[in-house]
Amino acid sequence: MSEKKQIARAAGVLGLATIVSRIMGMVRDMAVSRFFGAGLQTDAFFAAFQIPNMLRRFFAEGALTSAFVPTFSEWHSQRSPEEARELANVCFTLLTIVMAGVTLAGVLLAPGIVSVMFPGFRADPAKFGLTVFLNRLMFPYIFFISLLALCMGILNTVRHFFTPAISTVFLNVSMILCAWLLRDRFAVPITALAVGVLLGGVLQLLLQVPVLYRKGFPLRVRFDLHHPAVRRIALLMGPSVFGVGVYYLNITVGNILASLLPEGSVSYLYYAQRLFEFPQGIFTVSVAQAVLPSLSRQAAAGDMDAFRDSLVFGLRLTLFVTIPATVGLMVCATPIFSLLFMGGEFDYAQAANAGIALFYYALGLSLVALVRVLVPAFYALKDTRTPVMVAFVAFIMNAVASLILMKPLAHGGLALASSLSALANMGLLLVLLRRKIGPFGGRALVRSAMKVLVASLPMALAVRWMVALIDWSLPGEKMLKGGVLLGAVGVGVVLFLAAASLLRSEETRELAAQLRRRFAR
């Protein structure tokens, strides 16, 4: 099987598993909005959860994955199975020790961490105290999720993608059940959500253990600080924290500044980020995870032609999905919140405020997606310096833009600043990667993107007209709202694919060819 087919197949498997997970995540957020709304308790919970979740994105999914997967892929392909197992066990043992220390420090230093990250909460002792309590309760989540990221890296390297991708379902189910069944058992009801986070982290990790065993990687204690691959991973991880995690660092800056805005702003940004990350999680992360092992193997073998082909293929796939998704989210931002979240403690004013944040976040969807594919390409080439330099520029731009835009646009300005930062990040990465590996089909990539953008225009007009047919501020009317939104999405997808086909988009031809092969079996 060719690398392109392997990437497409892996992305498909990851996408399918992630669709299930993201749907459950959406159900979880709907439950949270109805049980708790958007106010003091939700602001405290989302702020407290943001801290271990930020570390997860920086450290576990970001630096650890980007440093471990290329090194482990090289070790797995060029060394014996016994040596690969030894490396996996050494990394697992050392990571367990390190993350135990990080977790203990986080629990002990929670008041200081919350005070620095959410300075606006200090003016409200009740909100500050609740945030500290919830943060301490949830901080061990980073311990379990970091070990999970290592297990996922091992399984993805041996081309097993489904179990790691589906594991987040257990986090979502745990949070939903705890919120539903336990919220009345606590003096502060939202404590049930924190319990669900912790339980979900444990379940996610336990799910990987039997699969690792079947794939020939039983976890054993193996302590070796002098292992050569461990030293290489450690050297790669430091810069990777900032390079991969700049988008999430920008979100963190946005949440810090949101704590200075009116109550509910932190929650609006959180709900918008969750919907923004829905297409990211379904497809973009899937493509990035699927393409990284291929890029790592090709870079290790010195096959730069294949490296460039795999990279461009991943970028094209990403744009083909994220550009129409961007248009759809921008047009349907408030209607989506009205349908999915409005009800109980969450009213239309809150839906409209969250919709504003989603609109501005959506502007950066394709940009963030491209960064998620481009940064691992640098790490596959053992270049950690360039993404860090670019990320620093993007971070400064986000901070400055946030301070400028938060006054006229409130929380919407913070979301817009994040998108502008992603634009700078993506543009610089493309230019610098071209200098590093030579031309890799940039003009063809631009032509492909323009075709997808043009094909998205009739979709946008049709969807805009359809969602304007009803009043989304009306309470209830879930069947009507759902029917209109579902119909608009269906019509939009058909119009987009038809327009893309008329424009002779390569992606539509590849999609049609895959469907013909499937039905021919």
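Excluded from the calculations below are hydrogen atoms, water molecules and symmetry mates; all remaining heavy atoms, backbone and side chain alike, are included. All values derive from a computational prediction rather than experimental measurement.
Using a 4.5 Å cut-off on side-chain heavy atoms (C-beta onward), L315 and L311 make contact. The shortest distance between side-chain heavy atoms of V463 and V327 does not fall below 4.5 Å. Annotation: side chain of F496 is in contact with side chain of V452 (closest heavy-atom distance under 4.5 Å). Residues V371 and L429 meet the side-chain proximity criterion, which asks for heavy atoms closer than 4.5 Å. Within the 4.5 Å cutoff, side-chain heavy atoms of I356 are placed close to those of N353. Side-chain contact between Q208 and L148 is present, with at least one heavy-atom pair separated by less than 4.5 Å. Residues V368 and N425 form no side-chain contact, since every pair of their non-hydrogen atoms from C-beta on lies 4.5 Å or further apart. I336 is listed as a side-chain neighbour of L329, based on a closest heavy-atom distance under 4.5 Å.
Of all the heavy atoms in L365 and A325, the pair that sits closest is CD2-CB, 3.6 Å. Counting all heavy atoms, side chain and backbone alike, A258 lies closest to L414 at N-CD1, 3.7 Å. Across all non-hydrogen atoms, the minimal contact from L405 to L420 is CD1-CD1, 4.2 Å. Closest non-hydrogen pair, P335 versus V331, comes out as CD-O, 4.4 Å. M30 and F341 make their closest contact through N-CE2, 3.9 Å (heavy atoms, listed as atom of the first residue, atom of the second, distance). The nearest pair of heavy atoms linking V467 to V484 is CA-CG1, 4.3 Å.
Residue pairs that meet the side chain to side chain donor-acceptor pair (under 3.5 Å) test with at least one member in residues 400-415, sequence neighbours left out, do not exist here.
Judged as a side chain to side chain donor-acceptor pair (under 3.5 Å), and not counting sequence neighbours, the contacts of S448 are E507. Take A410 and apply the side-chain contact (heavy atoms from CB on, under 4.5 Å) test, not counting sequence neighbours, and it matches no residue. Taking the side chain to side chain donor-acceptor pair (under 3.5 Å) definition, one finds that S338 meets it with K481, sequence neighbours left out. Contacts of F118 classified as ring-ring contact (aromatic ring centres under 6.0 Å, His included), with partners at least two apart in sequence or in another chain: F121. With sequence neighbours left out, T386 forms a side chain to side chain donor-acceptor pair (under 3.5 Å) with D383. With sequence neighbours left out, F217 forms a ring-ring contact (aromatic ring centres under 6.0 Å, His included) with F72. Residues passing the salt bridge (charged side-chain N to carboxylate O under 4.0 Å, His left out) test with K215: none are found, sequence neighbours excluded. Among residues two or more places apart in sequence or in another chain, the ring-ring contact (aromatic ring centres under 6.0 Å, His included) test is passed with Y360 by none. With sequence neighbours left out, V491 forms a side-chain contact (heavy atoms from CB on, under 4.5 Å) with A462, M466, L495. By the ring-ring contact (aromatic ring centres under 6.0 Å, His included) test, Y270 is found to be paired with F46, residues two or more places apart in sequence or in another chain being considered. With sequence neighbours excluded, the residues forming a side chain to side chain donor-acceptor pair (under 3.5 Å) with S366 are T322, listed by chain and number.
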request  = Using the side chain to side chain contact (heavy atoms under 4.5 Å, CB included) rule, take L171 and R28 through it: C-alpha gap first, then chi angles, then the decisive distance, then the call.
outcome  = CA-CA 9 Å; L171 173 65; R28 178 195 84 191; 4.2 Å; yes
task = Kindly determine whether V489 and V493 satisfy side chain to side chain contact (heavy atoms under 4.5 Å, CB included), including the steps that lead there.
result = CA-CA 6 Å; V489 170; V493 169; 4.3 Å; yes
request  = For the pair F45 and V32, evaluate side chain to side chain contact (heavy atoms under 4.5 Å, CB included) and give the outcome as yes or no after the intermediate values.
outcome  = CA-CA 11 Å; F45 172 80; V32 172; 5.7 Å; no
inquiry  = Set out, in order, the CA-CA distance, both residues' side-chain angles and the distance that settles side chain to side chain contact (heavy atoms under 4.5 Å, CB included) for V102 and F143, then state yes or no.
reply    = CA-CA 8 Å; V102 170; F143 173 84; over 6 Å; no
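For F337 and Y271, the distance between ring centers is not under 6.0 angstrom.
No donor-acceptor pair under 3.5 Å is formed between the side chain of T326 and the backbone N or O of L363.
Of the inter-residue distances, the one linking M24 atom CE with F170 atom CZ reads 10.5 Å to the nearest 0.5 angstrom. Separating the CD1 atom in I154 from the SG atom in C91 is a distance of 7.5 Å, to the nearest 0.5 Å. Atom-to-atom distance recorded for M397:CE and L428:CG is 9.5 Å, nearest 0.5 angstrom. Distance check, rounded to the nearest 0.5 Å: NZ of K451 to CG of L319 gives 13.5 Å. Rounded to the nearest 0.5 angstrom, R434 CZ and R308 CZ are separated by 11.0 Å. With rounding to the nearest 0.5 Å, the separation of CD1 in I437 from CZ in F378 is 8.0 Å.
Crowding of F49 atom CZ: a count of heavy atoms from other residues, nucleotides or ligands under 6.0 Å exceeding 12. Enclosure of atom CE in M304 by more than 12 non-hydrogen atoms of other residues, nucleotides or ligands within 6.0 angstrom is indicated.
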